[in-house]
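Notes follow once the structure below has been shown.
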Amino acid sequence: MVKRILTAVIALPLVILLLWLDNPVLMMAGMTIVSVISVGEILLATKYFSNKGIAAVCMIFVTALPSFLCFDVMIRYFPMLSGTFLLIMFIIMLFDHEKVKFQEIALMSFVSFLVPLSLSTIVFLEKKNEYGIFYVILALLIPWISDAGAYFVGSAMGKHKMAPKISPKKSWEGFFGGIVTAVISVIAVGLGYPWYIGLIGGTADFTVNIPLLIVVAIVGSVLGVIGDFSASLLKRQCMVKDFGSILPGHGGILDRFDSVLFVAPFLYFVFNMIEPIQMIV
């Protein structure tokens, strides 16, 4: 637990700095780095990194994909990039069919699309409007604070296991504790955001839809658990404890972002239908 807290204390200022800079290019670069490391961790866990051809093609594609998605001048070439990637993957399988199986190509193609595509929605949220950074904060806060709440509540009073064969430490007490923690946090952030804008000299001529944030926090917490369980199942099938050790007490980068993979796209979908910030007229 000490390592987990110390890592959070060290990593949190870096995240805050990235949010404070509020620069889409830097955000895209950050998500690209996270995507590359995360996919690399999966390649290592599944032992597919031993195939240099697959590893190289996946790493190049994952590095390029966020740029093609996040820059307006390049998004038109996204189908070309994706088609070329899949073609090369199948060519590798054809020429090395005795060693490379279809399930390997299918898994790595899926992961190489899923991770950078999901994380790119964080950049989409930031670019949405002048309050985009608020949406990014929610996309990171909900899964992370829910996970932290679940961890501490589960450690203190967890007795009823959710899915012991997938993740033995997760309990129903921790699950509901995480939801409550997320709801309280988004209420605090939602109420405090207009005050913060006024504090830094901006015009807080808007209100935040708190009921919407509460619903988003509840659903987002559940999606975060689904993402966490999905990663845990993959780790169990690959017989590894964590995807990496770059974050002491947490594991690898993917161990920290697995819950974000489902929450960020969900928030992007919801906030495109219902605007959480309403202007005062």
Side-chain angles (χ1 to χ4, degrees), residues 4-5 7-24 26-27 30-31 34 118-119 121-153 174-225 227-228 250 256-280:
R4 189 183 184 95
I5 294 174
T7 300
V9 170
I10 295 173
L12 188 59
L14 297 177
V15 175
I16 293 174
L17 176 62
L18 185 61
L19 294 173
W20 180 74
L21 291 173
D22 193 9
N23 186 301
L26 291 178
M27 186 69 69
M31 293 305 100
V34 171
S118 295
L119 293 178
T121 56
I122 292 178
V123 185
F124 302 160
L125 285 169
E126 185 188 22
K127 294 169 63 178
K128 192 174 184 302
N129 56 39
E130 60 182 307
Y131 305 109
I133 201 65
F134 175 65
Y135 307 146
V136 174
I137 292 172
L138 292 174
L140 298 176
L141 176 71
I142 291 173
W144 286 349
I145 202 69
S146 175
D147 180 65
Y151 176 80
F152 288 110
V153 172
F175 171 73
F176 289 110
I179 292 178
V180 172
T181 304
V183 168
I184 294 174
S185 298
V186 298
I187 291 174
V189 171
L191 293 175
Y193 187 63
W195 170 82
Y196 169 75
I197 293 297
L199 184 66
I200 62 175
T203 303
D205 53 351
F206 62 88
T207 60
V208 179
N209 189 336
I210 300 298
L212 174 62
L213 295 192
I214 293 174
V215 174
V216 165
I218 294 172
V219 178
S221 296
V222 175
L223 290 175
V225 172
D228 202 353
H250 295 265
R256 184 79 335 255
F257 278 85
D258 51 10
S259 56
V260 178
L261 293 179
F262 290 172
V263 177
F266 167 68
L267 261 63
Y268 181 67
F269 174 75
V270 172
F271 291 167
N272 271 290
M273 293 194 303
I274 307 174
E275 181 61 59
I277 290 183
Q278 302 164 343
M279 305 307 296
I280 299 174

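Start at 1 with the first residue, then count along the sequence.
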Next item on the list: Mind telling me whether F257 and W144 have parallel, tilted or perpendicular rings, with 30° and 60° as the class edges?
Entry: perpendicular
Next item on the list: Mind checking side-chain hydrogen bond (donor to acceptor under 3.5 Å, both in side chains) for N209 and listing every partner two or more places apart, or none if nothing turns up?
Entry: none
Item checked: Min side-chain heavy-atom separation V270-L212 under 4.5 Å -> yes
Checklist line | CG on D258 to CZ on R256, rounded to 0.5 Å | finding: 7.5 Å
Notebook entry, point to check: For the atom pair CD1 (I179) and CD1 (I142), what is the distance rounded to the nearest 0.5 Å?
Noted result: 11.5 Å
Next item on the list: Could you check if a side-chain atom of V216 sits within less than 4.5 angstrom of a side-chain atom of L138, using non-hydrogen atoms only?
Entry: no
Notebook entry, point to check: Who are the side-chain contact (heavy atoms from CB on, under 4.5 Å) partners of V225, not counting sequence neighbours?
Noted result: M162, F175, F229
Next item on the list: Go through the structure and list residues passing side-chain hydrogen bond (donor to acceptor under 3.5 Å, both in side chains) with S259, not counting sequence neighbours.
Entry: none
Item checked: Contacts of L191 that satisfy side-chain contact (heavy atoms from CB on, under 4.5 Å) - sequence neighbours left out -> I187, I210
Next item on the list: Heavy atoms only: give me the nearest P24-E126 pair and the separation to one decimal.
Entry: CA-OE1, 3.3 Å
Checklist line | Residues forming a ring-ring contact (aromatic ring centres under 6.0 Å, His included) with F262, sequence neighbours excluded | finding: none
Notebook entry, point to check: Rounded to the nearest 0.5 Å, what separation is found between the CZ atom of F176 and the OG1 atom of T181?
Noted result: 13.0 Å
Check: So Y131 and Y193, would you call those rings parallel, tilted or perpendicular, with 30° and 60° as cut-offs?
Finding: perpendicular
Item checked: Donor-acceptor contact present, side-chain D228 to main-chain G224, <3.5 Å -> no
Notebook entry, point to check: Residues two or more places apart in sequence or in another chain: which of them pass side-chain contact (heavy atoms from CB on, under 4.5 Å) with A264?
Noted result: T121, I122, A139, V260
Notebook entry, point to check: Out of curiosity, L267 CG to L140 CG, how far, rounded to the nearest 0.5 Å?
Noted result: 10.0 Å
Check: Can you name the closest pair of heavy atoms from G220 and F266 and give their distance?
Finding: N-CE2, 4.1 Å
Margin query: Using 0.5 Å steps for rounding, measure from the CG atom of L213 to the CZ atom of F134.
Written below: 5.0 Å
Notebook entry, point to check: When rounded to the nearest 0.5 angstrom, what is the spacing between CD1 in I277 and NZ in K128?
Noted result: 9.0 Å
